[in-house]
Amino acid sequence: MSARKHLARRGYGRNGLAIFCQCGEYRSIAGTVREQEDAHRAHRVDMGETVQPRKPSKIERLEAEVERLRAELTAVSGGTADAGQPETAVEFGVQAPDGDVLVPTPDRAAAEQRLARYRDMWPTAALMQRTVRYSAWTEAE
């Protein structure tokens, strides 16, 4: 490894922590300590120094492990990254005479009990089912 000519000095300015280089050619950036350290490391490489690769932080190692496990889970589950919840499911409900389906539920037994009660009022009530698709939650408009 070549000699270090670009030593980092830490100081506090009006924007908080800043990393400066003793060469005077490096301009500090705004950002987290890690971002500033990475920028100074890039400066050292640009100035011809040989720099050891940076060791990932604990959180970066954990994030990489989570991504690796997600990829493994996706491969094992046939493309479904969230094995805890199925992509599709069946819901049941009771169809009233006007065509509306009342109180959809994934519980068939509950829907059948409701059908028995509703048939007292509406003899033509029917048990209906539909397939629903689950997806990520998005903000309502």
Side-chain angles (χ1 to χ4, degrees), residues 1-2 4-141:
M1 188 155 42
S2 61
R4 286 195 59 187
K5 299 174 186 165
H6 301 278
L7 293 174
R9 295 204 172 133
R10 294 171 186 242
Y12 286 92
R14 44 189 132 125
N15 296 327
L17 178 70
I19 294 179
F20 303 95
C21 184
Q22 74 177 14
C23 73
E25 296 176 28
Y26 173 73
R27 297 290 171 240
S28 182
I29 65 163
T32 65
V33 173
R34 194 61 152 193
E35 291 168 340
Q36 291 184 47
E37 289 171 346
D38 289 346
H40 186 259
R41 182 180 297 274
H43 163 72
R44 289 176 55 204
V45 170
D46 290 345
M47 300 309 279
E49 280 191 30
T50 303
V51 179
Q52 289 182 347
R54 150 174 103 71
K55 293 180 183 175
S57 68
K58 185 174 185 177
I59 188 98
E60 290 168 330
R61 289 191 307 271
L62 290 172
E63 287 171 344
E65 180 68 6
V66 166
E67 288 305 313
R68 185 190 69 75
L69 290 172
R70 275 196 182 126
E72 186 177 321
L73 179 61
T74 299
V76 169
S77 65
T80 305
D82 185 5
Q85 174 147 352
E87 285 188 28
T88 60
V90 176
E91 284 186 346
F92 301 92
V94 176
Q95 185 177 33
D98 64 359
D100 289 341
V101 176
L102 309 172
V103 195
T105 177
D107 185 356
R108 182 182 181 120
E112 287 174 341
Q113 288 175 352
R114 194 170 288 123
L115 173 64
R117 288 192 309 271
Y118 287 176
R119 280 202 170 147
D120 290 341
M121 294 185 301
W122 304 315
T124 60
L127 182 66
M128 306 297 288
Q129 79 176 38
R130 69 176 175 179
T131 302
V132 294
R133 183 180 64 85
Y134 292 103
S135 62
W137 286 97
T138 57
E139 189 173 341
E141 296 178 8

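Predicted model only: the values in this text are computed from it and were never measured.
- The shortest non-hydrogen separation linking Ala126 to Arg119 is CA-NH2, 4.3 Å.
- Across Arg114 and Val103, no two heavy atoms sit closer than the pair NH1-O, 3.4 Å.
- Note that CZ of Phe92 and CG of Leu127 are 7.0 Å apart. Values are rounded to the nearest 0.5 Å.
- Judged purely by atom type and a 3.5 angstrom limit, Arg130 has no side-chain atom pairing as donor or acceptor with the backbone of Val90.
- Rounding to the nearest 0.5 Å places CG of Leu115 at 11.0 Å from CD of Gln95.
- To the nearest 0.5 Å, atoms CE (Met47) and SG (Cys23) are separated by 5.5 Å.
- Closest heavy-atom contact between Ala18 and Gln36: CA-OE1, 3.2 Å.
- The distance from the CD atom of Glu67 to the CG atom of Leu62 is 12.0 Å, given to the nearest 0.5 Å.
- Considering OG1 of Thr105 and CD of Gln113, their distance stands at 10.5 Å, rounded to 0.5 Å.
- In this structure, the side chain to side chain contact (heavy atoms under 4.5 Å, CB included) partners of Arg54, at least two apart in sequence or on a different chain, are Arg34, Asp38, Arg41, Glu60.
- A donor-acceptor pair is defined here as one N or O able to donate and one able to accept, closer than 3.5 Å; such a pair exists between the side chain of Arg61 and the backbone of Pro56.
- Partners of Arg68 according to the salt bridge (charged side-chain N to carboxylate O under 4.0 Å, His left out) rule, which considers only residues two or more places apart in sequence or in another chain, are Glu65, Glu72.
- Across all non-hydrogen atoms, the minimal contact from Gly93 to Ala111 is N-CB, 4.4 Å.
- Listed by first then second residue, pairs satisfying ring pair (Phe, Tyr, Trp, His ring centres under 6.0 Å) with a partner in residues 96-124 read Tyr118-Trp122, not counting sequence neighbours.
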TODO: Show your reasoning for whether side chain to side chain contact (heavy atoms under 4.5 Å, CB included) applies to Met128 and Glu91.
DONE: CA-CA 8 Å; Met128 306 297 288; Glu91 284 186 346; over 6 Å; no

